[in-house]
Amino acid sequence: MNKLLHNDSVNARQVAFFASFVLPVYKLLELPSLLARFAKGDLLLPAILQFLTQFGVLIALLFLLSRSKKTLFQRLEEAIGKWTKLVYGVYALVFLFFAVLPLLDLEKFVYAVFYDTSPTLFSFSAFFILSAYLCMKGVKAVGRIGDLSLFLFPLSFLALIVMSLVEADVSNLLPFFERSFQETLKGYTYSTTHFADILLLLPLLGNVRYEKGDGVKIGIGYIVGALFTLLFLAVFYGVYSTIALREHYAFAKIAQYFPVLAVVGRIDLVFVYLLCLVLFFYTAIPLRNAVGCIAKTCNLQGRTLLSFLINLSAFLFVLFCNKYYDSIYAFYGNYAYPVFWVFSVLLPLALLFLRGDSTEKQSKDARRRRNGKENEYA
């Protein structure tokens, strides 16, 4: 049976780790200053609304997974048949569209953090070597990134937070609900491009064979990732307060006021670099998903040439369009958010119309598995 994004399977643990430790990392770049620009001290409120929206869709998808022993993509292909390729093709375009802002943000971030002098035009090209390699892999590689992030994200993130608490004044967030609902709503809509979490989770969820307890693992994983993000937003505004809207890519400098650094040097950058490894993977994942969708649409067996072409195109786009960053960012914030709502909220919810396994069939499958285990240990 064909599956979306290559014949791979992932387990619930990997999806949970991905949601906990990979999804939050991009939200540490431009999102804090963006929310502070619209909602000031109420920046947590639009973020909470976004997380509740995505979590609601995630719960619906987990319920859908629990209704069948088949993967979600197997059931989708059985339901729509030859139209599956059209779905793959459309989502390939969506993943490419989604990849634009992370690519531009990563380029600016790398130049700001890694280079003391003016970098060359091709300094950012090394990223596309990693990206091209990942694009040749199946979705199982994305699951392994979730496992790898367990050793990179939590310690680094919490170390930066602890160092930042010295200068953080949580009272800067008070009083709650100071801003108008219109400002909160504007922050909610403008930040939608940073919260299309279901879009990145779909390739993983679609290749999970649901077992009892998987929904709890994945749901808790997403909640943990949301709490990481909310904690960072609170500490961020506690440190920078009214100037927070001007503090871009703050996770690279939020810990620099820690007194010990005056003696031992900028050891906080070690943790920043570790987080950057997760950020590199995050930025490459939409390109990998796009390559996988195109490969399935065109029935391509090999991905090497396709991966090269996609990453070369992405490199040229970043090289020549980075000077239009502000205009592109404004376009995504003001006009592109309906696209993300459609493909990360509405269409995933439409999958609820897929049929589940009948109760009789599920009970027969369960009895067959129990009998198999009894015979195995007899």
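For reference, positions follow the sequence shown, starting with 1.
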Please list, one pair per line, the donor and acceptor atoms closer than 3.5 Å that link side chains of residues 96-103 to other protein atoms, with sequence neighbours excluded.
none

Table please: side-chain donor-acceptor pairs of residues 226-240 below 3.5 Å, with sequence neighbours left out.
unit_1 : atom_1 : unit_2 : atom_2 : d
T229   : OG1    : G225   : O      : 3.1
Y237   : OH     : G41    : N      : 3.4

Next on the checklist: Determine whether F38 and R179 satisfy the following criterion, side-chain contact (heavy atoms from CB on, under 4.5 Å), listing intermediate values before the conclusion.
Outcome noted: CA-CA 9 Å; F38 290 105; R179 314 306 300 182; over 6 Å; no
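- A salt bridge links K70 with E78: the closest approach of a Lys/Arg side-chain nitrogen to an acidic carboxylate oxygen falls below 4.0 angstrom.
- In this structure, L349 is a member of the same hydrophobic cluster as F340, with clusters built from ILVMFWY side-chain heavy atoms closer than 4.5 Å.
- Of all heavy-atom pairs spanning A244 and S33, the tightest one is O-CB, 3.5 Å.
- In the hydrophobic cluster analysis, where Ile, Leu, Val, Met, Phe, Trp and Tyr join through side-chain heavy atoms closer than 4.5 angstrom, V162 is grouped apart from F251.
- Among the candidates E183, Q182, E178, the single residue satisfying the side-chain hydrogen bond (donor to acceptor under 3.5 Å, both in side chains) test with S180 is E183.
- Closest heavy-atom contact between C135 and V291: O-CG1, 3.5 Å.
- To the nearest 0.5 angstrom, F331 atom CZ is 9.0 Å from Y335 atom OH.
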In a table with atom names and distances, give each donor-acceptor pair under 3.5 Å that connects a side chain of residues 317-327 to protein atoms at least two apart or in another chain.
unit_1 : atom_1 : unit_2 : atom_2 : d
N322   : ND2    : E107   : OE2    : 2.8
Y325   : OH     : D105   : OD1    : 2.4

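- Taking CZ of F73 as the start and CD of E77 as the end, the distance is 8.5 Å to the nearest 0.5 Å.
- Among residues at least two apart or in separate chains, salt bridge (charged side-chain N to carboxylate O under 4.0 Å, His left out) pairs with a member in residues 248-271 are E247-K253, R266-D268.
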Next on the checklist: Between I198 and L201, is the side-chain contact (heavy atoms from CB on, under 4.5 Å) condition met? List the steps.
Outcome noted: CA-CA 5 Å; I198 297 300; L201 285 174; 4.3 Å; yes
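- V260 and I254 fall within the same hydrophobic cluster, where Ile, Leu, Val, Met, Phe, Trp and Tyr residues are linked whenever their side-chain heavy atoms come under 4.5 Å apart, directly or through other members.
- At distances below 3.5 Å, not a single donor-acceptor pair connects side-chain atoms of T71 with backbone N or O atoms of N207.
- The minimum heavy-atom distance between L61 and P348, with the atom names listed, is CD2-O, 3.5 Å.
- With a 4.5 Å cut-off on side-chain heavy atoms, F343 and V90 count as touching.
- Contact annotation: the side chain of L31 approaches that of S191 to within less than 4.5 Å [non-hydrogen atoms, C-beta and beyond].
- Under a hydrophobic-cluster definition in which Ile, Leu, Val, Met, Phe, Trp and Tyr are linked whenever side-chain heavy atoms come within less than 4.5 Å, directly or via other members, L160 and V270 are assigned to different clusters.
- A donor-acceptor pair under 3.5 Å is absent between the side-chain atoms of S344 and the main chain of L199, judged by distance alone.
- In this structure, CG on L34 lies 12.0 Å from CG on L29, to the nearest 0.5 angstrom.
- When ring centroids are compared, F157 and F153 come within the 6.0 Å threshold.
- Under the rule for a side chain to side chain donor-acceptor pair (under 3.5 Å), the partners of T192 that lie at least two apart in sequence or sit in another chain are Q50.
- Considering only heavy atoms from C-beta on, F51 comes within 4.5 Å of Y222 through its side chain.
- Contact check on R13 versus D147 returns a salt bridge, with a Lys/Arg side-chain nitrogen under 4.0 Å from an Asp/Glu carboxylate oxygen.
- For the pair E30 and T193, the minimum side-chain heavy-atom distance is 4.5 Å or more.
- Connection of L174 to I48 is established within a shared hydrophobic cluster, with ILVMFWY side chains joined at heavy-atom distances below 4.5 Å, either directly or through further cluster members.
- The side-chain heavy atoms of F18 and V10, taken from C-beta on, include no pair separated by under 4.5 Å.
- In terms of modelled atom types and a separation under 3.5 Å, the side chain of S307 and the main chain of R303 share no donor-acceptor contact.
- For the pair N289/L202, no side-chain contact is recorded, criterion being any heavy-atom separation below 4.5 Å from C-beta on.
- Of all heavy-atom pairs between S241 and N172, the closest is CB-ND2, 3.6 Å.
- For the pair K217 (side chain) and G213 (backbone), a donor-acceptor distance under 3.5 Å is absent.
- With rounding to the nearest 0.5 Å, the separation of SG in C293 from CZ in R288 is 8.0 Å.
- In this structure, N11 CG and Y210 OH are separated by 14.0 Å, a value rounded to the nearest 0.5 Å.
- Residues P154 and S149 share a closest heavy-atom pair of CD-O, 3.4 Å.
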Item to check | Worked check of side-chain contact (heavy atoms from CB on, under 4.5 Å) between R37 and L43 | outcome: CA-CA 9 Å; R37 169 186 165 191; L43 78 169; over 6 Å; no
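- With hydrogens and angles ignored, the 3.5 Å screen pairs a side-chain donor or acceptor of D214 with a backbone N or O of E211.
- Annotation: side chain of F109 is not in contact with side chain of H248 (no heavy-atom distance under 4.5 Å).
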Checklist entry - Taking it one step at a time, do L204 and V208 satisfy side-chain contact (heavy atoms from CB on, under 4.5 Å)? => result CA-CA 7 Å; L204 295 170; V208 170; 5.5 Å; no
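- The backbone N or O of F63 lies less than 3.5 Å from a partner atom in the side chain of S66, making a donor-acceptor pair.
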Which donor-acceptor pairs under 3.5 Å do the side chains of residues 271-284 make with protein atoms, sequence neighbours left out?
unit_1 : atom_1 : unit_2 : atom_2 : d
T283   : OG1    : L279   : O      : 2.8

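- Closest non-hydrogen pair, K27 versus D197, comes out as NZ-OD1, 2.8 Å.
- In this structure the side chain of L58 reaches within 4.5 angstrom of the side chain of L205, judged on heavy atoms.
- Note that CG of L64 is 12.5 Å distant from CD1 of I59, once rounded to the nearest 0.5 Å.
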